[in-house]
Protein chains: 2
Amino acid sequence: MEHRTMSEAAAAHIHEMIITGELEPGQPIRLIDLAQRLGTSPMPIREGLRKLESLGIVEIIAHRGAWVRELDLDDFRDTTATRLTLETIAVRQAAQRFDDVAAAASRTALDQLVAAVEAGDAVGARAAHTEFHFAIYGACGSRWLPRAIEPVWRNSERYRFGTHFTAEHLERTRREHERILQACIAHDEETAASAFTEHLTTAAERIESGMLARQGRRPSGASAP
Amino acid sequence: MEHRTMSEAAAAHIHEMIITGELEPGQPIRLIDLAQRLGTSPMPIREGLRKLESLGIVEIIAHRGAWVRELDLDDFRDTTATRLTLETIAVRQAAQRFDDVAAAASRTALDQLVAAVEAGDAVGARAAHTEFHFAIYGACGSRWLPRAIEPVWRNSERYRFGTHFTAEHLERTRREHERILQACIAHDEETAASAFTEHLTTAAERIESGMLARQGRRPSGASAP
DNA sequence: GTCAAATATAGTTGATCAAATCTGGTTGGC
DNA sequence: GCCAACCAGATTTGATCAACTATATTTGAC
């Protein structure tokens with residue numbers, strides 16, 4: 001069994017629909033429509049939306065409804081800058097106290113990421129990518145720092161998905177991940193931090209140029225599926 | 001009307017009950033009991049608990065129930081260290097770009113805090129204290145950084161409430177707040193950061209020594225489910 | 001003493017009712 | 001005759017109640 005309750009399944013399903021663009025930014029989410037599409041009553045949908053609201057993906061206004069939060073360049077830059085601040089700190093702290101358990105967990109996730117990418121499994125790749133980074137952040141010694149990172153990370157994922165990755169990009173990303181992991185295992189704080197900074201910065205530049213290109217082609221519009 | 005929906009009212013009410021200790025750490029929260037006590041059906045209680053879960057105050061296990069998260073010294077130190085990291089960054093950034101709107105908002109909140117303290121209004125003082133700090137963080141230029149801070153802050157509040165403040169402590173705290181605000185208005189990043197660090201550090205030391213004293217008196221500690 | 005089946009308890013979901021919001025048309029004032 | 005405010009219908013969310021399902025406990029047999 002994948003999810004323990006309908007609410008969890010609904011949250012995961014809606015999250016997926018938002019990331020893939022099946023539910024578009026700015027679009028109102030109608031409870032009854034969605035309930036019928038997922039084959040449940042409106043109640044689990046409500047619960048799922050509440051979860052997504054707490055992650056900052058969905059906006060709920062009382063007696064009015066729920067909307068998929070809009071994406072724009074300013075928000076992306078804010079998201080990236082905040083991630084750079086918080087996650088660099090987490091990586092540094094993790095490198096200092098990286099142990100075998102953390103090494104095994106991040107190694108497994110990284111292997112799964114590579115496998116999913118090769119299999120063309122976008123959903124699995126996204127899950128493994130999150131798993132890898134949070135396996136590292138989880139070793140930072142704080143329970144609260146990874147928790148603080150999560151909403152920003154989830155928002156960042158929305159931008160990441162819309163971007164096209166060439167084989168070259170994927171290979172470069174794989175090497176960057178490997179370098180971060182090796183630096184953590186070696187307790188090399190400085191290398192881990194700089195490798196992470198470079199990883200996030202280059203990825204952000206790639207995504208931003210993709211956004212600018214799309215913006216140039218379609219001056220007015222929102223994002224596409 | 002204070003709250004727009006029963007769920008919001010329930011979340012606020014339960015939050016208050018947890019902070020004041022009416023619901024004790026480790027204690028299971030029975031939906032039906034609470035629903036009867038607040039005069040609603042279980043559903044709004046559930047929604048409220050979900051909100052508190054996303055803040056890390058309550059732990060929910062599917063088909064099992066909800067518990068008030070336990071407090072201990074390790075968690076307090078983690079909370080404090082994380083706050084010190086994140087909020088110092090926010091204060092620095094806020095000081096760089098502090099404008100009249102932010103100044104007015106934090107000034108108002110600070111005056112309300114002083115008034116609430118003098119009136120012996122603990123609930124109002126807590127609200128105003130949060131308002132003051134987040135008025136500053138809100139000026140940091142990022143929408144995501146304050147959002148990342150919120151759960152850690154909410155957890156910190158739980159420890160803060162249990163502590164006794166002497167008139168001397170309150171007066172010192174008032175001066176510290178004033179100093180932070182003035183440094184932000186003056187765009188003096190360094191002074192703002194060091195004033196904030198001192199503010200949080202001394203408060204944390206006070207709370208920690210209070211915890212140690214209580215621990216000494218009651219060696220066995222908290223309750224179990 | 002251990003394991004399995006039955007029972008009790010509490011959480012979760014579905015169906016229905018009530019409350020709030022938005023839309024379009026109409027009426028009254030200027 | 002034009003503009004603004006208001007009222008009624010339709011739509012959608014929010015809350016309640018009842019039925020279902022998963023979990024924990026107890027009891028009885030081996």
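Chain identifiers are assigned alphabetically (A, B, ...) following the order of the sequence lines, protein sequences preceding nucleic acid strands; residue numbering begins at 1 within each chain.
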Taking distance alone, no hydrogens or angles, what donor-acceptor pairs closer than 3.5 Å link side-chain atoms of residues 31-40 of chain A to residues at least two apart or in another chain?
| from | atom 1 | to | atom 2 | distance (Å) |
| --- | --- | --- | --- | --- |
| A/Arg37 | NH2 | A/Glu22 | OE2 | 3.2 |

| task | Using a heavy-atom cut-off of under 4.0 Å over every strand shown, decide if A/Arg46 touches base, sugar-phosphate, or nothing. | result | base
Tabulated below should be each protein N or O lying under 3.5 Å from an N or O of nucleotides 6-10 of chain D; please produce it.
none

| query | In residues 54-66 of chain A, which residues come under 4.0 Å of DNA chain D by heavy atom? | reply | A/Ala62, A/His63, A/Arg64, A/Gly65
| task | Would you tell me if any nitrogen or oxygen in the side chain of B/Arg30 comes within less than 4.0 Å of OP1 or OP2 on C/dT9? | result | no
| query | Under the side-chain contact (heavy atoms from CB on, under 4.5 Å) test, which residues partner B/Ala125, sequence neighbours left out? | reply | B/Leu113, B/Ala116, B/Val117
| More than 12 heavy atoms of other groups within 6.0 Å of A/Glu131 CD | no
| field | Distance-minimising heavy-atom pair for B/Arg160 and B/Ile207 | value | CA-CD1, 3.8 Å
| By side-chain contact (heavy atoms from CB on, under 4.5 Å) - contacts of A/Leu212 (at least two apart) | A/Leu73, A/Glu208, A/Gln215
| Mind checking what makes side-chain hydrogen bond (donor to acceptor under 3.5 Å, both in side chains) contact with A/Ser7, not counting sequence neighbours? | none
| query | Can you check the B/Met6 CE to D/dC17 P distance for me, whole Å? | reply | 10 Å
| remark: The correct set of residues in residues 35-43 of chain B placing a heavy atom under 4.0 Å from DNA chain D is B/Thr40, B/Ser41, B/Met43
| request: List in chain and number order the residues that pass side-chain hydrogen bond (donor to acceptor under 3.5 Å, both in side chains) with A/Arg46, two or more places apart in sequence or in another chain; answer none if no residue qualifies. | output: B/Glu47
| Under 4.0 Å between a side-chain N/O of B/Arg4 and OP1 or OP2 of C/dT21, yes or no? | yes
| task | With sequence neighbours excluded, tell me which residues meet side-chain hydrogen bond (donor to acceptor under 3.5 Å, both in side chains) with A/Thr80. | result | none
| field | Residues that A/His15 engages under side-chain hydrogen bond (donor to acceptor under 3.5 Å, both in side chains), provided they are two or more places apart | value | none
| task | Verify whether one side chain among A/Ser142 and B/Thr82 offers a donor that lies under 3.5 Å from an acceptor in the other. | result | yes
| query | Residues two or more places apart in sequence or in another chain: which of them pass side-chain contact (heavy atoms from CB on, under 4.5 Å) with A/Ala9? | reply | A/His3
| query | With a non-hydrogen cut-off below 4.0 angstrom, is B/Leu49 in contact with a base, only sugar-phosphate, or nothing? | reply | nothing
Expected rows: protein N/O vs nucleotides 5-7 of chain C N/O, under 3.5 Å:
none

| task | Respond yes when some side-chain nitrogen or oxygen of B/Thr5 is under 4.0 Å from OP1 or OP2 of D/dT13, and no when none is. | result | no
